[in-house]
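Written below as structure tokens is the structure these notes are about.
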Protein chains: 2
Amino acid sequence: MIEEALSTRDGNRVFHRHEHLARHAQKTDHIFKIEEGWACQYRLLIDGRRQIITLFLPGEYCEPQWLFQGTATLPVVALTRLRARSLSLTGIHRRTSQEADGMTSILESLLTVLNRREQWIFNLGRLSATERLCSLLCELFERLKRTCHVIENRYVMPLTQYDLADIVGLSAVHVNRVLQMLRAERLIELHGKRLTVLNIDGLRRLAVMPNSQRATA
Amino acid sequence: MIEEALSTRDGNRVFHRHEHLARHAQKTDHIFKIEEGWACQYRLLIDGRRQIITLFLPGEYCEPQWLFQGTATLPVVALTRLRARSLSLTGIHRRTSQEADGMTSILESLLTVLNRREQWIFNLGRLSATERLCSLLCELFERLKRTCHVIENRYVMPLTQYDLADIVGLSAVHVNRVLQMLRAERLIELHGKRLTVLNIDGLRRLAVMPNSQRATA
DNA sequence: CGTTTGTTTGAAATAACTCAACGGGAGTGG
DNA sequence: CCACTCCCGTTGAGTTATTTCAAACAAACG
């Protein structure tokens with residue numbers, strides 16, 4: 001199923017769905033900047049449980065900490081067909097000597113990842129299923145908007161319900177039911193991989209306040 | 001209940017339990033290195049739900065990213081009486097010019113936090129209550145051992161069961177029941193704030209494999 | 001020594017999971 | 001172009017892990 005990745009000139013590479021960008025504990029001297037497509041970092045248990053730890057979207061650096069650590073701690077896999085530019089340490093340093101920009105933007109992206117994980121820990125620890133999913137959909141909305149991947153409140157959402165489940169720490173079946181509910185409430189539309197946000201404010205409200213009576217306190 | 005913190009000479013400060021080291025969105029030009037005591041970073045919802053995002057133990061830098069961001073994103077509060085040395089940006093830079101060590105160790109601690117969050121996301125997303133608690137107790141064991149705060153498999157565990165609950169994303173009542181079980185299985189002893197690990201291997205095993213039949217796959 | 005804070009226990013409620021089956025759709029090969 | 005397969009989404013019914021509420025108790029605190 002998985003063939004060899006094509007190396008294109010100038011550090012550009014193409015991966016297809018389910019192909020790994022990095023394996024567990026693999027040494028690396030470069031990182032990727034994603035041009036197109038989605039990838040994720042995940043952790044697996046022998047019994048099959050999987051948790052997605054980080055999502056990488058177009059325009060984002062994939063695993064900036066590799067540059068400092070020298071190894072990838074966890075596997076990274078493409079969730080869609082994916083095009084990425086690979087940046088080596090020397091390449092970045094060369095640029096740095098000119099503008100000192102390269103390292104700064106890496107560090108920035110490191111902090112972004114750090115802050116995003118803060119958010120995810122909160123979501124997983126204290127939000128209900130509905131809140132978690134709404135929160136994720138809003139996050140994707142914001143992240144994709146920055147690179148103009150949101151057009152008229154619509155974006156391509158290539159994740160399967162299994163993927164979604166492994167992000168928000170739920171079962172795929174339950175993700176399905178929550179999505180049904182969001183559709184029934186006319187908050188979103190979701191056909192195939194096309195997600196339309198019908199009511200972003202309603203979605204944001206649900207992302208932090210449950211439909212139940214929890215908000216009474 | 002909360003009085004003004006005492007400033008001691010040379011950037012040393014003492015906080016007491018429940019006193020804040022930082023508030024939400026507060027600007028800072030310094031970070032703390034904890035000498036003694038525990039602190040945590042948390043996030044709160046209006047309805048009272050709280051999630052602890054990061055734990056800070058003796059010897060660790062509290063919120064190294066402040067140096068880069070200039071602000072504390074979330075509140076940080078002392079979980080015990082606490083003594084910390086405050087390091088300013090200039091102070092660190094001065095040292096850096098001499099040994100280039102200061103910045104490196106900050107960056108290292110940044111990466112440690114990043115990796116720890118990876119772990120927590122996994123735990124919250126995919127582990128059962130028992131697994132999460134065992135995982136946490138093991139993590140504390142390892143982290144405290146590095147600074148010789150573990151003596152004969154015993155360490156001071158100043159967290160209340162509410163604190164524990166807000167770390168592992170459970171209710172305090174359920175934390176209590178799981179702890180009972182761990183005691184009954186002779187894995188730990190816990191009197192007051194004194195925790196003795198009777199069977200670290202058993203604890204580690206439970207931290208990743210449940211007692212239930214989940215491991216059959 | 002009283003007051004507050006934290007722990008323990010029981011019983012009932014519920015959110016989310018598991019299992020299982022069905023259906024559609026997309027790609028694949030004949 | 002059709003048939004086949006596989007992946008993914010959908011639905012129902014029953015189960016279980018965890019929560020909530022409430023009350024009693026113990027321990028720490030000032």
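Each chain gets a letter, A, B and so on, in the order its sequence line appears, and its residues count up from 1.
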* When you look at A:Val156 and A:His149, which way does the side chain to side chain contact (heavy atoms under 4.5 Å, CB included) test go after all the steps? -> CA-CA 8 Å; A:Val156 177; A:His149 285 263; over 6 Å; no

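Rounded to whole angstrom, the span from the CZ atom of B:Arg132 across to the C1' atom of D:dA17 amounts to 10 Å. The distance from atom CG of A:Leu133 to atom P of C:dA16 is 10 Å, rounded to the nearest whole Å. Put simply, CG on A:Leu127 is 15 Å from C1' on C:dA16, counting in whole angstrom units. Here the P atom of nucleotide D:dC6 and the NE2 atom of A:His18 are 16 Å apart, to the nearest Å. Straight-line distance from the NE2 atom of A:His174 to the C1' atom of D:dT11: 14 Å, rounded to whole Å. Rounded to a whole Å, the CG atom of A:Leu170 is 11 Å from the P atom of C:dT18. As rounded to whole Å, 12 Å separates atom P of C:dG6 from atom CG of B:Leu164. Rounding to whole angstrom units, CG of residue A:Leu190 and C1' of D:dG9 are separated by 10 Å.
Listed nucleotides D:dG9, D:dC21, C:dT7 differ in distance to A:Asn176; the shortest reach to its side chain belongs to D:dG9. Here the side chain of A:Gln180 is nearest to one of D:dT10, D:dT19, C:dT9, namely D:dT10. Residue A:Ala129 has its side chain nearest to C:dA16 when only D:dG9, C:dT8, C:dA16 are considered. For B:Val173, taking side-chain heavy atoms from C-beta onward, the closest of the listed nucleotides C:dA20, D:dT20, C:dG6 is D:dT20.
Counting non-hydrogen atoms of neighbouring residues, nucleotides and ligands closer than 6.0 angstrom, the NZ atom of B:Lys193 exceeds 12 such neighbours.
A donor atom on one side chain and an acceptor atom on the other are not found under 3.5 Å apart for A:Asp166 and A:Gln51. For the 3.5 Å distance criterion, the side chains of B:Asn115 and B:Gln119 fail to qualify, holding no donor opposite an acceptor. Between the side chains of A:Ser135 and A:Arg204, no donor-acceptor pair of N or O atoms lies under 3.5 Å.
Comparing A:Leu159 and B:Val175 against DNA chain D, the residue whose closest nucleotide sits nearer the 5' end is A:Leu159.
On a pure distance criterion of 3.5 Å, no polar donor-acceptor pair joins the side chain of A:Arg177 and the base of D:dG9.
Listed pair B:Arg49 / D:dT19 fails the phosphate criterion, with no side-chain N or O lying under 4.0 Å from OP1 or OP2. Between D:dT10 and A:Gln161, a contact under 4.0 Å exists linking OP1 or OP2 to a side-chain N or O. One finds a side-chain N or O of B:Arg183 lying less than 4.0 angstrom from the OP1 or OP2 phosphate oxygen of C:dT8. At D:dC8, one or more side-chain N or O atoms of A:Arg17 fall inside 4.0 Å of OP1 or OP2 (strictly under the cut-off).
Counting non-hydrogen atoms under 4.0 angstrom, B:Ser171 reaches a base of the nucleic acid.
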